[in-house]
> 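Here you go, one structure.
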4 protein chains.
Amino acid sequence: MPENDWIQELLSSDKGALSDKQVKILEAATEIFAERGYAATSTNEIARRAGVAEGTIFRHYKTKKDLLLSIVTPTMIKFVAPHFAKSFAKDVFNEDYVSYTDFVRKLAFNRFDFAKKNQQILKIFLQEIAFHEELRTPFKAIFTEHILNKFKAVVEKFQQNGEIVSMPPESVMRLTVTNVIGLVLARFLFLPEADWDDEAELERTVDFIVKGLSK
Amino acid sequence: MPENDWIQELLSSDKGALSDKQVKILEAATEIFAERGYAATSTNEIARRAGVAEGTIFRHYKTKKDLLLSIVTPTMIKFVAPHFAKSFAKDVFNEDYVSYTDFVRKLAFNRFDFAKKNQQILKIFLQEIAFHEELRTPFKAIFTEHILNKFKAVVEKFQQNGEIVSMPPESVMRLTVTNVIGLVLARFLFLPEADWDDEAELERTVDFIVKGLSK
Amino acid sequence: MPENDWIQELLSSDKGALSDKQVKILEAATEIFAERGYAATSTNEIARRAGVAEGTIFRHYKTKKDLLLSIVTPTMIKFVAPHFAKSFAKDVFNEDYVSYTDFVRKLAFNRFDFAKKNQQILKIFLQEIAFHEELRTPFKAIFTEHILNKFKAVVEKFQQNGEIVSMPPESVMRLTVTNVIGLVLARFLFLPEADWDDEAELERTVDFIVKGLSK
Amino acid sequence: MPENDWIQELLSSDKGALSDKQVKILEAATEIFAERGYAATSTNEIARRAGVAEGTIFRHYKTKKDLLLSIVTPTMIKFVAPHFAKSFAKDVFNEDYVSYTDFVRKLAFNRFDFAKKNQQILKIFLQEIAFHEELRTPFKAIFTEHILNKFKAVVEKFQQNGEIVSMPPESVMRLTVTNVIGLVLARFLFLPEADWDDEAELERTVDFIVKGLSK
DNA sequence: GATGAATGAGTTTTCATTCAT
DNA sequence: CATGAATGAAAACTCATTCAT
């Protein structure tokens with residue numbers, strides 16, 4: 001079940017003190033939130049699928065929303081925060097790239113892999129960020145602090161050395177990110193049943209971005 | 001309120017027999033569905049914002065889901081079906097284009113404009129299509145029948161005449177669509193507050209797509 | 001539609017001023033009350049089956065209960081009150097009988113015929129008399145005044161002349177009535193689908209009563 | 001409260017795991033269903049009379065109809081199914097009778113006693129069987145399987161030995177049953193206030209049936 | 001008279017949350 | 001710690017009745 005990879009990571013992370021029941025609750029909630037959406041999911045159903053009593057959920061999570069945040073927030077942070085050794089930010093931004101191509105390839109493959117392992121949570125995140133301030137605010141903060149400026153620096157570096165076209169760095173970033181996310185969503189959300197050659201499609205997408213931004 | 005443009009069109013369309021209260025219900029429901037999501041919206045709140053009794057909603061729409069479908073379906077159809085004279089399909093696909101650039105520009109400006117006028121409904125649609133079979137099935141059917149093959153034909157034509165690169169037409173379509181939708185979402189959903197130069201950003205996006213796909 | 005015979009009679013009776021729509025409402029209500037019961041029937045459904053607007057019902061009948069009473073009361077009265085020329089009371093009680101057999105035969109055939117023509121209303125009556133004081137009180141009054149004493153007199157007459165057994169007249173009446181009603185209910189309510197020889201079964205029932213009560 | 005005898009039996013039966021509140025709900029529902037009829041009873045009122053929250057009802061019974069069936073079905077089954085040691089079927093049909101008189105007496109006293117102890121439920125049953133397929137179908141099945149043929153065998157035996165008259169056994173059964181039920185209904189439903197000498201009335205009824213059917 | 005849209009009180013049912021065991 | 005019965009507030013939906021047209 002690669003969609004629940006995050007739980008393994010949670011378990012092996014420092015907080016690690018998750019009881020057996022707690023893990024089952026998180027797994028069940030993740031599944032059903034992804035299937036039906038947060039608001040349409042009842043705690044009763046989560047309890048049943050997790051094989052625990054309804055009261056047990058509230059022993060570990062004060063409210064249903066607490067449960068949602070407990071599922072989504074760590075992944076959201078892991079998506080960005082640099083103190084996770086193998087994280088995106090470290091991998092992608094804290095290295096020196098010889099070319100924008102290099103950078104985009106790393107970015108795309110890295111995030112594609114991450115999405116593959118966290119499909120359900122990412123789906124929940126995408127659905128719910130629109131409706132929960134508690135998700136939106138920290139996400140914006142983390143994103144701005146850890147990603148935005150580093151990304152911008154990378155873009156400006158390769159604009160200055162002439163590899164990529166002169167336009168507002170925000171536009172470059174938007175176009176780059178759009179295509180990575182677009183691939184991920186098409187692959188895992190919209191057309192998961194289709195017959196994908198992941199490697200080839202990733203390469204095509206990277207080539208497309210780079211050529212589109214080339215001078 | 002350009003987000004509710006669709007109601008004007010509904011009113012002027014053949015079905016047109018919408019009572020005053022019915023319009024208010026549709027407007028209120030659209031607003032709140034977009035704000036909080038379908039499942040988190042109560043009919044009581046819709047009634048209050050619409051200024052009608054709760055029972056009135058159910059006189060016009062058998063169930064809450066019926067109300068959702070009544071809001072989303074017409075827009076979904078209008079998005080595609082060719083018998084609406086000025087529709088997307090007619091505009092974009094039933095013409096001859098001298099270049100893929102031409103086609104992409106038309107597509108991007110046309111859909112950008114449509115999205116601008118139908119922000120709320122499109123947001124609702126994007127949120128809810130994941131959870132309602134009643135939305136997914138007809139959408140797939142309409143999309144497949146009215147868009148897919150025509151789009152593919154356009155792509156293959158310009159692949160044959162050498163304007164765009166040789167790769168699976170599905171990939172070309174995906175990359176093209178991703179960037180149009182990506183722009184629309186960034187503009188109206190994720191960063192509506194930012195300082196956008198719509199014209200310029202559209203042009204940049206079109207150029208990017210075309211250059212990225214050029215041979 | 002012999003079950004709605006009563007409406008014909010209503011029409012031809014003195015009140016006779018029933019509009020076309022009114023008749024349709026009475027017919028529809030009778031049907032649905034008999035099918036689902038009074039409490040489980042909505043005025044909306046009555047209106048639809050009658051082919052009139054819901055408001056029209058309330059133009060003719062102040063409340064839903066009014067409609068019920070309008071359907072059930074005349075039949076209930078007709079069942080007993082002597083001023084309807086051809087009524088039960090006249091037929092059965094105001095004549096001289098040469099034997100109890102004679103009397104029971106008349107009673108049984110007469111009421112069987114009446115039930116056959118008023119199945120639906122009788123069903124409604126039986127169901128609803130348990131729950132509506134407005135039905136129970138007048139029924140008791142009419143029954144006591146017009147039936148009870150006359151019936152008792154008949155019984156006592158044939159007890160005195162030795163045709164039937166000595167026991168409390170109330171018991172004789174109960175046993176007699178039970179068997180007439182029992183036949184009617186079995187025939188029209190419980191086992192209407194069975195293969196009945198009405199004539200023979202009536203005769204059997206009459207014989208049974210008379211023999212059971214003989215000295 | 002002899003009308004609720006069934007609950008005692010339910011409690012002492014194998015399922016016995018009825019919580020305190022559950023018993024109160026069943027008692028309250030039985031009372032009000034009998035008073036006003038199923039359709040005219042609100043779950044809110046049941047909850048109030050039972051002294052529980054409305055939600056509690058639905059924790060134990062998925063729907064209001066479920067509650068009805070939970071009340072009526074066990075009694076209905078107990079009325080017939082032979083595996084209840086002291087049940088009607090065992091008592092009445094599985095013994096050898098020396099005469100039809102013997103049989104009718106046993107039947108009448110036995111069912112009279114049962115009715116006395118289950119007045120409310122039997123009233124609900126009689127009212128609602130007309131409107132609920134879920135009640136009608138199992139009742140017919142149970143009745144046909146456990147009663148009909150055994151009863152018929154008894155009748156035919158005494159027709160052959162000449163104690164009772166030659167007529168279709170169905171008619172004999174109808175006349176017999178009619179008078180037992182007729183007595184029960186008169187006694188407990190129609191005229192419970194009257195001054196009854198139960199013993200005497202039962203004897204009269206038995207004598208009447210037997211004499212009426214004698215050769 | 002007839003209509004049917006509108007009402008609002010009421011109905012059944014759901015659900016997050018609590019708490020005694 | 002875990003349970004699951006109980007809660008009560010709120011949800012979706014129904015319905016008899018009214019009233020402007």
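Because the structure is a prediction, the values reported are computed rather than measured. Computed over heavy atoms, backbone and side chain alike; hydrogens, waters and symmetry mates excluded. A note on names: the letters A, B, ... follow the listed sequences, proteins ahead of strands, and every chain is numbered from 1.
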> Within a strict 4.5 Å, meaning less than it, do heavy atoms of the B:Thr73 and B:Leu68 side chains meet?
no
> Can you measure A:Lys62 atom NZ to E:dC19 atom P for me and round it to whole angstrom units?
12 Å
> Who is the Watson-Crick or G-U wobble partner of F:dT7, with both distances under 3.5 Å?
E:dA16
> For C:Tyr61 and F:dT18, give me the distance from atom OH to atom P, rounded to whole Å.
17 Å
> Can you list the residues that meet the ring-ring contact (aromatic ring centres under 6.0 Å, His included) rule with A:Phe131, with sequence neighbours excluded?
none
> I need the CD-P distance between A:Glu45 and E:dA16, as an integer number of Å.
10 Å
> Can you tell me the distance, in whole Å, between the CD1 atom of C:Ile25 and the C1' atom of F:dA16?
14 Å
> Going by heavy atoms in the side chains, are C:Glu128 and C:Val72 under 4.5 Å from each other?
no
> With heavy-atom distances below 4.5 Å as the criterion, would you say the side chains of D:Lys64 and D:Tyr38 are in contact?
yes
> Quick one: is F:dC15 close enough that its OP1 or OP2 comes under 4.0 Å of any side-chain N or O from C:Thr43?
no
> Quick one: are D:Tyr61 and D:Leu26 in side-chain contact, heavy atoms under 4.5 Å?
yes
> In whole Å, what is the span from the CD1 atom of A:Ile46 to the C1' atom of F:dG4?
17 Å
> Is there any protein nitrogen or oxygen under 3.5 Å from a nitrogen or oxygen in nucleotides 6-9 of chain F, and what are the pairs?
from	atom 1	to	atom 2	distance (Å)
F:dA6	OP2	D:His60	NE2	2.8
F:dA6	N7	D:Arg59	NE	2.9
F:dA6	N6	D:Arg59	NH2	3.4
F:dT7	OP1	D:Lys21	NZ	3.1
F:dT7	OP2	D:Ala53	N	3.1
F:dT7	OP2	D:Thr56	OG1	2.6

> Rounded to whole Å, how long is the line connecting atom CD1 of A:Ile32 with atom C1' of E:dA16?
15 Å
> Can a donor-acceptor pair be found between the side chains of C:Gln120 and C:Thr30 at a distance below 3.5 Å?
no
> Output side-chain donor-acceptor pairs under 3.5 Å for residues 44-53 of chain D, partner residues at least two apart or in another chain, one line each.
from	atom 1	to	atom 2	distance (Å)
D:Glu45	OE1	D:Arg36	NE	3.4
D:Glu45	OE2	D:Arg36	NH2	2.4
D:Arg49	NH1	D:Glu31	OE1	2.7
D:Arg49	NH1	D:Glu35	OE2	3.1
D:Arg49	NH2	D:Glu35	OE1	3.3

> Specify the separation, in whole Å, of atom CZ of B:Phe58 and atom C1' of E:dA9.
15 Å
> Could you check C:Thr41 against B:Lys65 and say which one's nearest nucleotide on DNA chain F is further toward the 5' end?
B:Lys65
> Can you check the D:Arg48 CZ to E:dG10 P distance for me, whole Å?
11 Å
> Looking at E:dA2, which nucleotide sits across from it as a Watson-Crick or G-U wobble partner, both distances under 3.5 angstrom, or is there none?
F:dT21
> For A:Lys64 and for D:Asn44, locate the closest nucleotide of DNA chain E by heavy-atom distance; then report the residue assigned to the nucleotide nearer the 5' terminus.
D:Asn44
> Indicate, with a heavy-atom threshold strictly under 4.0 Å, whether A:Ser42 touches base, sugar-phosphate, or nothing.
sugar-phosphate
